[in-house]
Amino acid sequence: MTRDDPGRPGREPDGTPDDPSRPPADRGATPDGRGANPDGFDAMPGGHRAMPAERGTNPGGHSGTRDDPGRARDHVGARQGEPGPPRDDLGAVRTREALASARALGCARVEFLGYEDSGLDGTRGFARVAVPEAAGRLAELLHEERADLLTTYDPTGGYGHPDHVQVHRVGALAAELAGTPRVWEATVDRTRLLRGLRLARLVRDFDLTPFQTAYTPHREITHTVDVRKYARQKRAALAAHATQTTGGDRPRTVATLLSLPNPLFRLVLGTEWYVERKRLRAR
């Protein structure tokens, strides 16, 4: 791991000296991941979650919602020319997918808070839940796990999904309530992303405007983690979410990532970016 910002000197939650060359998940800390949806954390912090499992620590994972009322609902798990399972079964299917994905990453415990997916308009579901209510439930889980580190999303929710923004709010408060000393916001280096998208426009023109405020600018990134070693686990975790590979009139992100050859997959998903804004004093 490298730091773009040297950060603050100190000690890790387990009492060992702060070593900025290694992420907490590789130094004995117990990480806990918080995602908005069952597939929410496999592409971004999946590698960081696989690290502690390799050395025998039990990472946990929590999803705010079970179900996705979006494009996959009409095509859930369907191969070309084949019908998918009934719409009413989608929640159960996605739960099984999340559990399979967690096994691929080595997570020892998975919990669902059970809120409804909010959709892109954010007028219902998890995005409308009172932050203290959801944060209190999450704080109980963090306390049970004695978590040293909680991973959430950045303030923009990455690309602005209301559930992702809510995860940021809920996670920040839950960490304070539980006394979890460190919160890492999973994000993407916006500066690098825009550079790549500008090159992509040489092949096909598209509007860059939505990306101008997405994720996090380079200057705010505090942790850059090399997870190429865990590309196999990340691919397996993504592949578990079959419902997210079909549906709609455009290629799904999960399907696109899974179609990449292994060397390119490691290049694209072999780096994870995080922002740690402050450390709390553990209780």
Look at the aromatic rings of Tyr274 and Trp184 and report parallel, tilted or perpendicular, splitting at 30° and 60°.
-> tilted

Within a reach of under 6.0 Å around CZ of Arg128, are more than 12 heavy atoms found that belong to other residues, nucleotides or ligands?
-> no

Under 3.5 Å, is there a donor-acceptor pair between the side chain of Thr224 and the main chain of Trp273?
-> no

Which pair of heavy atoms, one from Arg137 and one from Leu113, lies closest together, and at what distance?
-> NH2-O, 3.0 Å

If only atom types and distance count, is the side chain of Glu97 paired as donor or acceptor with the main-chain N or O of Ala242 below 3.5 Å?
-> yes

Gap between atom NE2 of His241 and atom OG1 of Thr253 - 0.5 Å precision | 13.0 Å

Which distance, rounded to the nearest 0.5 Å, do you find between the NE2 of His164 and the NE2 of His168?
-> 14.0 Å

Supply the atom-to-atom distance Arg252 CZ to Thr243 OG1, rounded to the nearest 0.5 angstrom.
-> 8.0 Å

Minimum heavy-atom distance Gln233-Leu105, with the two atoms named | O-CD2, 3.9 Å

Over 60° means perpendicular and under 30° means parallel, so classify the ring planes of His161 and Tyr159, tilted if in between.
-> perpendicular

Name all residues meeting the salt bridge (Lys or Arg N to Asp or Glu O under 4.0 Å) criterion together with Asp207; count only those two or more places apart in sequence or in a different chain, and write none if there are none.
-> none

For Arg228 and Leu267, indicate whether the former's side chain and the latter's backbone hold a donor-acceptor pair under 3.5 Å.
-> no

Before giving the answer on side-chain contact (heavy atoms from CB on, under 4.5 Å), spell out for Thr213 and Thr156 the whole-Å C-alpha distance, their side-chain angles and the decisive distance to 0.1 Å.
-> CA-CA 8 Å; Thr213 56; Thr156 67; 5.9 Å; no

Report the C-alpha distance between Asp163 and Tyr115 in whole Å, list the side-chain angles of each, state the deciding distance to 0.1 Å, and finish with yes or no for side-chain contact (heavy atoms from CB on, under 4.5 Å).
-> CA-CA 10 Å; Asp163 282 337; Tyr115 297 112; over 6 Å; no

May I ask you to say whether Lys229 pairs ionically with Asp226, meaning some side-chain N is under 4.0 Å from a carboxylate O?
-> no

Would you confirm whether Gln244, through its side chain, and Val254, through its main-chain N or O, come within 3.5 Å as a donor-acceptor pair?
-> no

Measuring from Arg169:CZ to Thr152:OG1, what's the distance to the nearest 0.5 Å?
-> 12.5 Å

Give the intermediate values and the outcome of side-chain contact (heavy atoms from CB on, under 4.5 Å) for residues Thr95 and Leu99.
-> CA-CA 6 Å; Thr95 297; Leu99 294 175; 4.3 Å; yes

Donor-acceptor contact present, side-chain Arg190 to main-chain Ala214, <3.5 Å = yes

Between Pro162 and Asp121, which heavy-atom pair has the shortest distance, and what is it?
-> CG-C, 4.3 Å

For Phe265, does its backbone N or O pair with a side-chain atom of Arg235 as donor and acceptor, under 3.5 Å?
-> no

Report yes or no: does Glu111 contribute a side-chain atom to a donor-acceptor pair with the main-chain N or O of Leu141 at less than 3.5 Å?
-> no

In chain order, what residues pass the salt bridge (Lys or Arg N to Asp or Glu O under 4.0 Å) check against Glu133, with sequence neighbours excluded?
-> none

If every non-hydrogen atom of Pro181 is compared with every non-hydrogen atom of Ala147, which pair is closest and at what distance?
-> CD-O, 3.9 Å

Val165 and Leu120: same hydrophobic cluster, using ILVMFWY side-chain contacts below 4.5 Å?
-> no

Are the side chain of Thr180 and the backbone of Arg182 linked by a donor-acceptor contact shorter than 3.5 Å?
-> no

Under 3.5 Å, is there a donor-acceptor pair between the side chain of Glu185 and the main chain of Arg277?
-> no

Can you tell me how far CG of Leu238 sits from CG of Leu269, rounded to the nearest 0.5 angstrom?
-> 6.5 Å

Say you draw a straight line from CD of Glu276 to CD1 of Ile221; how long is it, rounded to the nearest 0.5 Å?
-> 12.5 Å

Closest approach of Leu177 to Ala139 (non-hydrogen atoms, all atoms of both residues) = CB-CB, 3.8 Å

Applying side-chain contact (heavy atoms from CB on, under 4.5 Å), run through Gln166 and Val131 and close with a yes or a no.
-> CA-CA 8 Å; Gln166 183 76 328; Val131 170; 3.6 Å; yes

Quick one: closest heavy-atom pair of Phe126 and Ser118, and the distance?
-> N-OG, 3.1 Å

For Tyr215, enumerate each residue passing the ring-ring contact (aromatic ring centres under 6.0 Å, His included) test, keeping only those at least two apart in sequence or located in another chain.
-> none

